[in-house]
Every structure is written in structure tokens, then in C-alpha cells.
Amino acid sequence: MEFDPALPWREIRGTGFNAHIGPVRFAEIAPTRFAAALELGEHHLNQGGVCHGGVLMTLADVAMGAGSFAAGGEHPCATIAFDAQFLAAAKQGTLLLAESRQLRRVRELSFMDCALWSGGRQVMQASGIWKYLASRAPGAATMSDG
Ligand SMILES: CC(C)(COP(=O)(O)OP(=O)(O)OC[C@H]1O[C@@H](n2cnc3c(N)ncnc32)[C@H](O)[C@@H]1OP(=O)(O)O)[C@@H](O)C(=O)NCCC(=O)NCCSC(=O)Cc1ccccc1
């Protein structure tokens, strides 16, 4: 997957935890397909000098969580299951790109998968389930939470 500047990219609000890894960009490709992107800097690396696995999982969580939020009519949701395989190391100076899909939406759940790419190769394959929360009250999860 390559970065497509023509997509309607927007920056996810940088508060809380996401403020420490961002800025993270997010775009809707289609009603059930989404992209997220993050420039990998020195502060994203582990002691081995490659991207920390938690950073990869966070971008996958944002791509699938924000995707569930958007596909669900901006209904707040929370991650209730998350599975990931680390296929290759992501390197400093590359753009980390995520592409997520909503595989199925049922009344309260969103089934998602996601691929992450860095420097032209796939570095992660992930999937997860999001629960649409009963409450839309302030403080409930939104696309900018993680
Ligand atoms: C939600 C449920 C499945 C329970 O199902 P039900 O009993 O049917 O619940 P109901 O629908 O009635 O809703 C009320 C319940 O919802 C809780 N809540 C409220 N606000 C939030 C919130 N902001 N985040 C999480 N939970 C919140 C509230 O405390 C209350 O539970 P309590 O009564 O206190 O226990 C439960 O297992 C759970 O909370 N699991 C942990 C989930 C978790 O922490 N996930 C990781 C972080 S989320 C994330 O990263 C997603 C994301 C990423 C990227 C972008 C966008 C999204």
C-alpha cells in the first residue's frame, strides 16, 4: 500500500495517549474502508532501534476503531478484542500506513481487519472487534480515543 495524497486525510485530535505518538492522520477510502498514517520518528523506536510493537498496535487500533466509529454513524465504541501478527520490522523515517476494513456490522459489534505497511512492505496483520456503547454521553469513546 502506498500513501495516496488524494484521500480526504484529517488529523485525529491529539489528546491523551494519542498525543504522544501523533500526529496520526485518518481517511475514509469508502464507507467500510479506512486508512491511517503516522511518520515514524526516533521516539517510536524500541531498544533494538526499530518501531516499538505498541506503536504498530496503536495505529492498527486507531485505523479499526476510528473506522468502526465512522462506519457506525459516529457512534462511540470500545475495543473488546484485538489480535495482531508482527510480520516485519518498521523503520525510523518511514511512513507507517494502515488500511482497515469493516468485515461485518451487527447491532452492537463491528468486526474489523487491518494491514500495516512501512517502506513498501507489510509489517503487521491485525483484526479486532469493537462494541458500540449504549451511551453517547460525553466521555464515551470517540474516534480520537484509543
Ligand atoms: C463495554 C463492555 C464490552 C461492556 O459492555 P456493556 O455492559 O454492554 O456496556 P455499554 O455499551 O452499556 O457501555 C457502558 C460501559 O462502557 C464503558 N466505557 C465508557 N466509555 C468508554 C471508553 N471511552 N472506552 C472504553 N469503555 C468505555 C463504561 O465504563 C461502561 O462499563 P462499566 O459499566 O464501567 O463496566 C466492557 O467489556 C468494557 O468496558 N470493556 C473494556 C473496553 C475498553 O476499555 N477498551 C479499550 C479502550 S476503547 C478503544 O480503544 C476503542 C477505540 C480505539 C480507537 C478509536 C475509537 C475507539
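Counting convention: from 1, in listed order, for ligands and their atoms alike. Position 1 is the first residue of the sequence; numbering continues from there. These numbers come from the heavy atoms of this one structure, side chains and all, not from hydrogens, waters or symmetry mates.
In this structure, F3 has its ring center under 6.0 Å from that of W9.
Near C77, meaning under 4.0 Å from any of its heavy atoms, are these atoms of ligand 1: 51 (C), 57 (C). Those atoms of ligand 1 with a heavy atom of I80 less than 4.0 angstrom away are 3 (C). Close approach of ligand 1 to A66 is summarised as follows: ligand atoms under 4.0 Å from at least one heavy atom of the residue are 55 (C).
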**Q.** Evaluation steps, side chain to side chain contact (heavy atoms under 4.5 Å, CB included), between V62 and I12
**A.** CA-CA 9 Å; V62 168; I12 288 197; 3.4 Å; yes
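Here's the thing with G65: none of its N/O atoms is less than 3.5 angstrom from an N/O atom of ligand 1.
When the options I129, T79, L133 are ranked by their closest heavy atom to atom 13 (O) of ligand 1, first place goes to L133.
Using a 4.5 Å cut-off between side-chain heavy atoms of Ile, Leu, Val, Met, Phe, Trp and Tyr, with links allowed through other members, V123 and I21 fall into the same hydrophobic cluster. A single hydrophobic cluster is seen to contain both F82 and V55, as judged by linkage of ILVMFWY side chains at heavy-atom distances under 4.5 Å, directly or through other members.
The part of W130 lying near ligand 1 is the side chain, judged by heavy-atom distances below 4.0 Å.
Classified by interplanar angle (parallel below 30°, tilted 30° to 60°, perpendicular above 60°), the ring pair F26/F34 is parallel.
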